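To find a chain, count down the sequence lines: A is the first, B the second, and so on, and within it residues start at 1. What you see is a predicted model; the values in this text were computed from it and never measured.
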Amino acid sequence: MPELPEVETTRRGIEPFAQGQTIEHVIIRQAKLRWPVDKALNKKLNGQKITGITRRAKYLLLQTHVGDLMIHLGMSGSLRIVGKREAKEPVQKHDHVDICLSNGKIIRFNDPRRFGSIILNKQADKHSLLEKLGPEPLTEEFNADYLHAKAKSRKVAIKSFIMNNHIVVGVGNIYAQEALFLSGINPNRTACKVSKVRVEKLVSNIKQVLADAIKAGGTTLKDFSGADGKPGYFQQTLNVYGRSGEPCLNCCFELKQAIIGQRTTVYCSNCQR
DNA sequence: ATCGGGACCTGCTTGC
DNA sequence: TGCAAGCAGGTCCCGA
């Protein structure tokens, strides 16, 4: 489920249940994730208070005095809140890790493909996976001057460029396609050949698309503690993602599909140049 | 420094 | 109906 809006929605969903709670127990059923889960996690986190729940890129960060628990959902991961005292919820397939809290709730990590990860680090922002990441897309630090300067001399496709975490974080395959469509930029265009004016449009649309998706995700939050707490992309109008062969919503040309950076990409060859 | 490709996994859909 | 191929929202790492 993870594009940045889904991760942020998850963060907001678990925050009210987890903020200020003490971790009583960590259960690891499957340690083989993207990186092996530390077997001593329970020992290290037992009795620790969760002092904050934040996000950096697509990592959720549970902050404690012994360090930050960095949770990445990979391609198929999700977190859900399970209430011990409420409807008994049996452990399901791929429920790999439980973080049991002092209020009786459990943060349950499920991830069929196991591309996700759970890592404890003294300071998340000092971890090698995080320290070299680009700016958050929804901050002022991510602006047209920055992106245009970075793109100078870059010969990859603009789509691959904006999906590169060292340039800007949180732009995944769906929203990269949507933002490029809204900006009228062909995803295959060489990054350094996109004019400043169009880079401005692109930055603005990346922000817009992500902000709208977070807003839409927020409408599902009230159901977060429910069985499958999955926010849906269907809440938002997607112009191109998944619509290959269908008519462009702008000009009615048939949308084309290409593989860029090993990822399926749908675009309008008429609107996007 | 930059780039492309392979790798890590399971599950669902599609086509023969 | 059954089985294999193809594809999926991420991203790290390696070799060129």
**Student:** Which residue, A:Gln262 or A:Lys155, contacts DNA chain B at a nucleotide closer to its 5' end, judged by nearest heavy atom?
**Tutor:** A:Lys155

**Student:** Write down the distance between CZ (A:Arg243) and C1' (C:dA8), rounded to a whole number of angstrom.
**Tutor:**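 Rounded to whole Å, this separation is 19 Å.
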
**Student:** What nucleotide, of B:dT10, C:dC12, C:dA8, holds the atom closest to the side chain of A:Met75?
**Tutor:** C:dA8

**Student:** With a 4.0 Å cut-off, would you call A:Asp111 and A:Arg34 a salt bridge?
**Tutor:**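 Salt bridge between A:Asp111 and A:Arg34, a charged N being under 4.0 Å from a carboxylate O: no.
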
**Student:** Rounded to whole Å, how long is the line connecting atom CD of A:Gln30 with atom P of B:dT10?
**Tutor:** 9 Å

**Student:** Give a yes or no on whether the backbone of A:Ser128 and the side-chain of A:Glu131 come within a donor-acceptor separation of less than 3.5 Å.
**Tutor:**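 Looks like no, no N/O pair under 3.5 Å.
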
**Student:** Between B:dT2, C:dT11, B:dG6, spot the one nearest the side chain of A:His72, thanks.
**Tutor:** C:dT11

**Student:** So which one's nearest nucleotide on DNA chain C is more toward 5', A:Tyr241 or A:Tyr59?
**Tutor:**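 Looking at DNA chain C, the more 5' nearest nucleotide goes with A:Tyr241.
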
**Student:** Just checking A:Lys93: base, sugar-phosphate only, or nothing, at a heavy-atom cut-off of under 4.0 Å?
**Tutor:**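 The answer is sugar-phosphate, as A:Lys93 gets under 4.0 Å only of primed atoms, P, OP1 or OP2.
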
**Student:** Starting at NZ of A:Lys32 and ending at P of B:dT10, how long is that distance when rounded to a whole Å?
**Tutor:**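 After rounding, the gap between these two atoms is 10 Å.
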
**Student:** Nearest to the side chain of A:Thr264, heavy atoms from C-beta on, is which of B:dG6, C:dA8, B:dC8?
**Tutor:**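 Closest nucleotide to the A:Thr264 side chain: C:dA8.
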
**Student:** Distance between the P atoms of B:dA1 and C:dT11, in whole angstroms?
**Tutor:** 23 Å

**Student:** Roughly, in whole Å, what's the span from CD1 in A:Ile260 to C1' in C:dG10?
**Tutor:** 17 Å

**Student:** If only atom types and distance count, is the side chain of A:Gln30 paired as donor or acceptor with the main-chain N or O of A:His94 below 3.5 Å?
**Tutor:**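 Not at all, since once roles are kept as given, no pair shorter than 3.5 Å links the two residues.
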
**Student:** Could you tell me whether A:Lys58 contacts a base, only the sugar-phosphate backbone, or nothing, with contacts defined as non-hydrogen atoms closer than 4.0 Å?
**Tutor:**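 Answer is sugar-phosphate: A:Lys58 comes under 4.0 Å of backbone atoms only.
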
**Student:** From CG of A:Leu130 over to C1' of C:dT11, roughly how many Å is that when rounded to an integer?
**Tutor:**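 My rounded result for the distance is 13 Å.
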
**Student:** Rounded to whole Å, how long is the line connecting atom CD1 of A:Ile71 with atom P of C:dG10?
**Tutor:**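 Those two atoms, CD1 and P, are 18 Å apart.
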
**Student:** For A:Asp111, answer base if it contacts any base atom (sugar-phosphate contacts may also be present), sugar-phosphate if it contacts only those atoms, and nothing otherwise; contact means non-hydrogen atoms under 4.0 Å.
**Tutor:** nothing

**Student:** Ring-on-base stacking between A:Phe115 and B:dC8, under 5.5 Å between centres and under 30° between planes: is it there?
**Tutor:** yes

**Student:** Do any N or O atoms from the side chain of A:Arg198 and from the backbone of A:Ser183 form a donor-acceptor pair under 3.5 angstrom?
**Tutor:**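 It does not hold such a pair.
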
**Student:** Which of the following nucleotides, C:dG10, B:dC3, B:dG5, is nearest to the side chain of A:Arg154?
**Tutor:**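 Nearest to the side chain of A:Arg154 among the choices is B:dC3.
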
**Student:** What nucleotide among C:dG10, B:dC9, C:dT11 has an atom nearest to a side-chain atom of A:Arg113?
**Tutor:** B:dC9

**Student:** Check every atom of C:dT11, B:dG11, B:dG5 against the side chain of A:Arg263 and return the nucleotide holding the closest atom.
**Tutor:** C:dT11

**Student:** Does the distance from a Lys or Arg side-chain N to an Asp or Glu carboxylate O, for A:Glu8 and A:Arg11, drop under 4.0 Å?
**Tutor:**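 Yes, A:Glu8 and A:Arg11 are salt-bridged.
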
**Student:** Any side-chain N or O of A:His94 below 4.0 angstrom from OP1/OP2 of B:dG11?
**Tutor:**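 It does, given that an N or O in the side chain of A:His94 lies less than 4.0 Å from OP1 or OP2 of B:dG11.
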
**Student:** Answer yes if the side chains of A:Asn121 and A:Asp68 hold a donor-acceptor pair under 3.5 Å, and no otherwise.
**Tutor:**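 A:Asn121 vs A:Asp68: no donor-acceptor pair found between side chains.
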
**Student:** Does B:dG6 have a Watson-Crick or wobble mate here (both distances under 3.5 Å), and if so which one?
**Tutor:**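 Result: C:dC12.
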
**Student:** Give the rounded distance in Å between these two atoms: CD of A:Gln177 and P of C:dA8.
**Tutor:** 9 Å

**Student:** Find the distance A:Ile167:CD1 to C:dG10:C1' and express it as a whole number of Å.
**Tutor:**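 Computing the A:Ile167:CD1 to C:dG10:C1' distance gives 17 Å.
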
**Student:** At 4.0 Å (heavy atoms only), tell me whether A:Arg34 reaches a base, stays on the sugar-phosphate, or touches nothing.
**Tutor:**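 A:Arg34: base contact, heavy atoms under 4.0 Å.
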
